[in-house]
Chemist: 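Questions regarding the structure given below will be posed in turn.
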Amino acid sequence: MANVVVVGMQWGDEAKGKVVDYLAQDADYVVRYNGGNNAGHTVVIGNEIYKFHTVPVGVLNEGVTAVVTDGVVFDPSVFVAELKALRERGIPADRIRISRNVHIIMPWHRLIDNLEENSKGDKKIGTTGRGIGPAYADKMSRTGIRMAEFINPDRFKLRLSECIKRVNALITKVYGSDPLDEEAVYTEYSAYAREIAPFVCDTSTLLYEASSECANIVFEGAHGSLLDIDHGTYPFATSSHCVAGGACIGTGIGPTMIDRVIGVAKAYTTRVGAGPFPTELRDEIGDRIREQGNEYGTTTGRPRRCGWFDSVAVRFTARVNGVSAIAVTLLDVLTGFDTLKICTHYLIDGKEVRDFPTDVEELQKAVPVYEELPGWSENISDARTFGDLPHNARNYVNRIAELVEAPICMLGVGRRRDQSIILDAEMLQM
Ligand code: IMP
Ligand code: MG
């Protein structure tokens, strides 16, 4: 029996879904605790490709209850569409549970997200435009609408009418855009509420009781630690707690109930949207990584920025997450390069820096210092043990573990579930 957190150690898209999917084979619950439909998950099972943004990936595993907890911001229109897609493919959705406390992403959140970005000129964050930031802003301002209010028609009507007056003033007077129609929003959204109500419960109690009864729970962190609102590269960050601590904040489960934290890092680095990225490759090597790794966003389809592995960044996120071990994914993407580089430290204003600076201005000045390692040309996607890997690939992985100062428990060598090398099975034991 175990409660395990899986968390991204870079700027998101670390192939966490693959690690969650591995653990979910023995899990009773898979929990989404932060973010919203700015996250995108692709799961490949046989010839079927599933893309999810709101429904937790765990829904594809038989016997798993997929839970959306308090820390999430929830777009009912997206959920209802995903629910329909699931049912059309014959996947039962009755094992989904959603917290009474999630904040609802309303149409004005999406509108303001885009209006705000468009007003920023060259200071754009490059958000996904899904209304995530504005929904969290309302939550913190204590003006948001929570699920418990949303699924109660009288409470929802009242809250909607309060919110829309304020929001329409903002939309028309500050942004000079058209106001929203209260009646139309009510009609559309109360239909969603009726469909969602049967899934809603007190998820904190549900998980506490499950844990007391020795259930296996996987907490699936969305995005990546470097996008965390506090510990990430603010303001080029998302608006939620992406680090492992977010699992407690976002679920109402106490820290002493977490047994292990598995950090997930790519064998290189990617970032979508704007913001500092010291090891970025704006050249043909970066393009080659993008093509070999199919590095295009699941949510927005944007090409991801690509670069070398940054051990300064990942050592930092190993620390803030308190990782027990690391899963290094997409190692196969690096096949065929003569030389690989790993960033060991930065130079900032000529000074050697080994601790990741979270102040953007400082990080923007960071010049990466690299160590070069010989690459490998053998296809590694059929390797199933560490010994199956070519010497140079083993060398590369060992050097990452050394620099990041954390043990590696798993390697990803391909997209499929079985294309993994398990180095420490106990770490991944539920
Ligand atoms: P927002 O989360 O839509 O507000 O976007 C804020 C920043 O986080 C933008 O740079 C996005 O590209 C980035 N972001 C949000 N979610 C993800 C994710 O799941 N993977 C990678 N980047 C993300
Ligand atoms: Mg993603």
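In each ligand, atom 1 is the first atom listed, and ligand 1 is the first ligand listed. Excluded from the calculations below are hydrogen atoms, water molecules and symmetry mates; all remaining heavy atoms, backbone and side chain alike, are included.
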Chemist: Any side-chain donor-acceptor pair under 3.5 Å between Trp376 and Thr335?
Modeler: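 Yes, Thr335 and Trp376 have a side-chain donor paired with an acceptor closer than 3.5 Å.
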Chemist: For Lys124, does the NZ atom sit with more than 12 other heavy atoms under 6.0 Å from it, leaving out its own atoms?
Modeler: yes
Chemist: Judged by modelled atom types alone, do Thr251 and Arg32 share a side-chain donor-acceptor pair under 3.5 Å?
Modeler: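 The criterion, which ignores hydrogens and geometry beyond distance, is not satisfied for Arg32 and Thr251.
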Chemist: Identify which of Ile125, Leu227, Thr298 has a heavy atom lying nearest to atom 13 (C) of ligand 1.
Modeler: Leu227
Chemist: For the 3.5 Å polar cut-off, considering only N or O atoms, please tell me whether Ala274 and ligand 1 meet it.
Modeler: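 There is no such contact.
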Chemist: Going by atom types alone, do Glu116 and Tyr175 pair a side-chain donor with an acceptor below 3.5 Å?
Modeler: yes
Chemist: Answer whether the closest heavy-atom distance between the side chains of Leu180 and Ile171 falls below 4.5 Å.
Modeler: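 SC-SC contact between Leu180 and Ile171 confirmed.
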Chemist: Yes or no: does Ser240 have any heavy atom under 4.0 Å from an atom of ligand 1?
Modeler: no
Chemist: Within the structure, is a non-hydrogen atom of Arg304 found at a distance of less than 4.0 Å from ligand 1?
Modeler: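 Checking ligand 1 against Arg304, which is what was asked, there is no heavy-atom contact under 4.0 Å.
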Chemist: Is the backbone N or O of Ala383 less than 3.5 Å from a side-chain atom of Gln419, with the two atoms forming a donor-acceptor pair by type?
Modeler: no
Chemist: Can you list the atoms of ligand 1 that are under 4.0 Å from a heavy atom of Gly126?
Modeler: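 Reading through ligand 1 atom by atom, the close ones are 9 (C), 10 (O), 11 (C), 12 (O).
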Chemist: Looking only at N/O atoms, are Thr128 and ligand 1 under 3.5 Å apart anywhere?
Modeler: yes
Chemist: Pick out which of Asn118, Asn38, Thr127 makes a side chain to side chain donor-acceptor pair (under 3.5 Å) with Asp113.
Modeler: Thr127
Chemist: Can you sort out which atoms of ligand 1 are near Asp13, meaning under 4.0 Å from one of its heavy atoms?
Modeler: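 Going through ligand 1 atom by atom, the ones under 4.0 Å from Asp13 are 20 (N), 21 (C).
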Chemist: Check Asp70, Asp202, Thr69 against Ser99 for a side chain to side chain donor-acceptor pair (under 3.5 Å) and give me the one that passes.
Modeler: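 That would be Asp70.
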Chemist: Give yes if a backbone or side-chain nitrogen or oxygen of His223 is under 3.5 Å from a nitrogen or oxygen of ligand 1, and no if not.
Modeler: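 Yes; the residue has a nitrogen or oxygen that sits under 3.5 Å from a nitrogen or oxygen of the ligand.
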Chemist: Under 4.0 Å, heavy atoms only, figure out whether ligand 1 is touched by the backbone of Arg271, its side chain, both or neither.
Modeler: neither
Chemist: Please identify which atoms of ligand 1 are closer than 4.0 Å to at least one heavy atom of Ala39.
Modeler: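 Within the 4.0 Å cut-off of Ala39, ligand 1 contributes 19 (O).
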Chemist: Judging by distance only, is a nitrogen or oxygen of Thr127 under 3.5 angstrom from one on ligand 1?
Modeler: no
Chemist: Pick, from Asp113, Ile229, Thr238, Val73, the option with the minimum heavy-atom distance to atom 1 (P) of ligand 1.
Modeler: Thr238
Chemist: Where's the contact between Ala222 and ligand 1, heavy-atom distance under 4.0 Å: side chain, backbone, both or neither?
Modeler: neither
Chemist: Taking Asp418 first and then Arg416, would you say they form a salt bridge - that is, a charged N and a carboxylate O separated by under 4.0 Å?
Modeler: yes
Chemist: Going by the atom numbers of ligand 1, which of them fall below 4.0 Å from some non-hydrogen atom of Trp11?
Modeler: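 The list of qualifying atoms is 21 (C), 22 (N).
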Chemist: Just by distance, with hydrogens left out, do Ser211 and Asn3 show a side-chain donor and acceptor under 3.5 Å apart?
Modeler: yes
Chemist: Using distance alone, decide if ligand 1 has a nitrogen or oxygen within less than 3.5 Å of any nitrogen or oxygen in Ser239.
Modeler: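 No.
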